[in-house]
Structure formats: structure tokens, C-alpha cells
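Chain naming here is simple, since letters A, B, ... match the order of the sequence lines and numbering starts at 1 in each.
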Amino acid sequence: MSAFNRFLTSRWGPIITGIAVGVLAPILVKLGNPGNMGICVACFSRDIAGALGLHRATVVQYIRPEIIGFVLGAFVTALLFREFKPRTGSAPLVRFLLGMLAVIGALVFLGCPWRAYLRLSGGDWNAIPGILGLVGGVGLGVLFLRMGYSLGRSRPAPKALGWVMPLLMVGLLVLLLVAPQFGRDADGNPTGPIFFSTSGPGSQHAPRLIALAVGLLIGFLAQRSRFCTVGALRDLIMVRDAHLFNGIVAFIAAAFLTNLALGQFNPGFANQPVAHTNALWNLGGMVLAGLAFTLAGGCPGRQFILSGEGDGDAALFALGMIVGAGVAHTFTLASSPKGPAAYGPAAVVLGLIICVVIGLTFRETRTA
Amino acid sequence: MKEIKLVDARGLSCPEPVLMTQNAIKGLARGPVAVLVDTVTSRNNVSRIAERFGWRVRVEDQPDGSYRLVLDK
């Protein structure tokens, strides 16, 4: 075990994690997840928001066990390796807001950075403007970091704080298994509290136990290796450090080969699963997402992993993503396969303005 | 030997500890430079970057669970 751990914390860690995610995600698609959506942290946050009744888009409502697995896997791993360090206090409110903005941008593109790479490896060329936008957004974030941007310091917190997010995930797991229904309206529709799609992407899912197991495994690997799909680009741009970026290369290569082997590689722009062809807003959405993720210090997967390690600020970012995903659908911001929604482009512009203001105004305040 | 620079990156999240370390050692011919961090992730990231710039890194575990990295070359 200790030899394997040394391996995972070496330069091979992100590569091994990338290969694992790259192989497992297309298999989850084969087992029932939506196309090119073996794992999408933004889409899955959106499905969870829908399942909890935070939006009314009936086709995207499901409690995704993969996300629960991420947090619980990272939690147990951090406990085992004595890295469970409850902490908070680094501008939690701003991190919540950045989580909302990041997911709104991602849902204009229709995917988080994880899914952007998965869409590319499945032959969805609409991912290319998305990834270019992501690089642009991360580059903008690096500019602010160089200018001294900081959300300030966190402080150690009581152990109990670190348990909050894992316990919330246990609660979600119970809701997934029990799926309580309190009644029906006059038309016979369930009134909640939990909603599951009967058609559309929300109804497409791998068996729950397998999805949870994959989530737990990725939670373990990502906690040890610090796998991060945004940090990879940031470190490459900022300090020419390819440690995390190697993981992304391995991720895309493994996913491409697995898709090819499973007959899931379909190159082209048109008729791609859960995707639209508007290059401008595929790019624009991901500029916003990339910038918001960089200002918050990591990609959506990494934020869920950190929340399992006891990072209360990352937990607020993650919860901001779930709430933001609800807003993205109730305010008609999230794209559909037909294209950007009515107010999606305006939301991206507004979100970028907010991020720029945050990037320019937040500096570390010294108390001494 | 007392360090000529002290970087306190405790409580700061990625990538700020790395950025602060990079700024501190840039153009510096010799150390030692001390960097304080409080997570294993920051400890590893700062060590990796410092070593890439040709610095030796010695890690000292602190009683409060944080780390003091002494960079020298």
C-alpha cells in the first residue's frame, strides 16, 4: 500500500488518475450514462439540483452517485492518510458565488472541463471552441493571480466542520435509495421532495452501485494525486509546470482509446449527444467557467475532492455549483441541444464582469 | 544560518503558495529561504517548483501540523 501511495503522490499520480477516469467514464456511458457524459461534474450538479427540486427541467433530475463517491472517497482517503484538515474562512461567500458563475458558464457550453475533454475524446468537435475558451479563462485568471489576486487565508476549524459535506453526501445517498414521495398534485404529478427524470439525460444512468464505486475509486485516486483539470492548464501557463497537465493528456488519450474500443467514437459537429453547435457560446461559456474555476483555485472535481478533505470553502463552492445549476435552468440560462438559451449569453457577459471585479478587488488583507 | 527571506503561505489555497515562493526566489543567488505552508498539497507543490529552479528543499514538520520548508542552493 505504501509503495502504491508513493507512486500516486509521484509524477505518475495525475497520469494514473487520468488513465483511470479516461477508461471508466466511457464505460459508464456504455452502462447507461448519457453520451460523452461518463462523468461531468457540472451536469451532475445540475441533475442533483433538479432531483432536489431546485429547478423544473424534468429531463435533468437525478441524484448522481458518482458525485457522492467523489466526496466520500476523498473523505475516507484523507482520514486514512492523515490529511483530513477541516478549515474555512477564505472568503466563503465569494467562493459560493464563483461556484454559481462557474456552473452557469459550464451549462452554456454543456459540460465542465472534465466533460469538455470527454466530448473531445468522443469525437464531438464542438468541444474544441469550449476547450479554447477554457484555456482563455484560465489565462485570464493567471493574469489576476500575477497581479496579486487572493481570496485570503483559511483557518483551522473544528473537526466537525469537515464532517458536514461528507454527511450531506450520505444524506443524498439515502434520498437516492429511498426517493421519498410526499404526494401528487391534481394532475397526478409527484410533488416531491425528490424528482427523478423519466426521459432525457436525467433518466440515463449506469447502475447505482457501479456509479458509486467508480466515484469512490476516483475520489481515492484524485485525493492522493491532486488531479485537477483546471490546475493543469493554470500551472502550465503560470510556471511551465506540466505535473498536472500530464494527467490531462493521459485522460484524453485513455478516453479516446476506450471510446474507440467501445464503438463510441463519432467524429463531427452535428448531432452530438447533449451538445450544441454554437461555437461562439461554446467558447464564451467556458471562458467564464475557466476564469471562475481559476479564481476559486481548482476545477469542479477538485472542489468536491477538497470538500471531502475538510475544506469548508471548497464545500461552499461545490454547493454554489448545485444552487447555480438550479438558477441556470429556472432563469433560462442553460443551453439545450438546440443551442444557447434566451438569456445564456447575457448571463455569461454579466458573469465575466463579476469575475473581473472579483479578480481586481480581492487582495489578502493583513490584520497584523 | 538564519533565512534571508520568510514566506508565510499558511492558509492560502492553490496556487498562491507556489506563486509566492517563485516570487521570493526569483533572482536570488543563494538562500536560505523559509516557506511556511499548512497542507501536504502545498508542501509538495512548493518543493517541486523550488527543486525545478535548482534549489534544495528540507522539510521540517511543525508541532501544529504545518510545515516549514527550508530552501537553499
* Inspect the surroundings of CZ in A/R11 and state if more than 12 heavy atoms from other residues, nucleotides or ligands are less than 6.0 Å away. => no
* To do: Would you indicate whether A/R155, at its atom CZ, is surrounded by more than 12 heavy atoms from other residues, nucleotides or ligands within a distance under 6.0 Å?
  => no
* Shortest non-hydrogen contact between B/G65 and A/K85, atoms and distance -> O-NZ, 2.8 Å
* Asked: Should B/T39 and A/E83 count as side-chain neighbours, where that means a heavy-atom distance under 4.5 Å?
  -> no
* Asked: At what distance, to the nearest 0.5 angstrom, does CG of A/L306 lie from SG of B/C14?
  -> 8.0 Å
* Asked: Among B/D64, B/T41, B/N44, B/N45, which residue forms the greatest number of heavy-atom pairs with chain A at distances under 4.5 Å?
  -> B/T41
* Structure fact -> Residue from B/R48, B/E16, B/R10, B/Q22 scoring the most non-hydrogen pairs under 4.5 Å with chain A is B/R48
* Do you know which of A/R302, A/R234, A/E309, A/M238 has the most heavy-atom pairs under 4.5 Å to chain B? -> A/R234
* To do: Against chain B, work out which of A/S150, A/G231, A/G89 has the most heavy-atom pairs shorter than 4.5 Å and name it.
  => A/S150
* To do: Establish, from distance only, whether the side-chain atoms of B/S13 and A/R87 form a donor-acceptor pair under 3.5 Å.
  => no
* Take B/D8 and A/R153, measure what salt bridge (charged side-chain N to carboxylate O under 4.0 Å, His left out) needs, and give me the verdict at the end. => CA-CA 11 Å; B/D8 184 359; A/R153 291 169 198 265; 3.6 Å; yes
* B/V40 vs A/R226, side chain to side chain contact (heavy atoms under 4.5 Å, CB included): CA-CA, chis, key distance, verdict -> CA-CA 10 Å; B/V40 181; A/R226 333 295 186 199; 3.5 Å; yes
Measure distances from [X] to the heavy atoms of chain B and classify the residue's part below 4.5 Å as side chain, backbone, both or neither.
| X | value |
| --- | --- |
| A/R240 | both |
| A/L151 | backbone |
| A/R95 | side chain |

* Asked: Is the backbone of B/L19 close enough, under 3.5 Å, to the side chain of A/R146 for a donor and an acceptor to pair up by distance?
  -> no
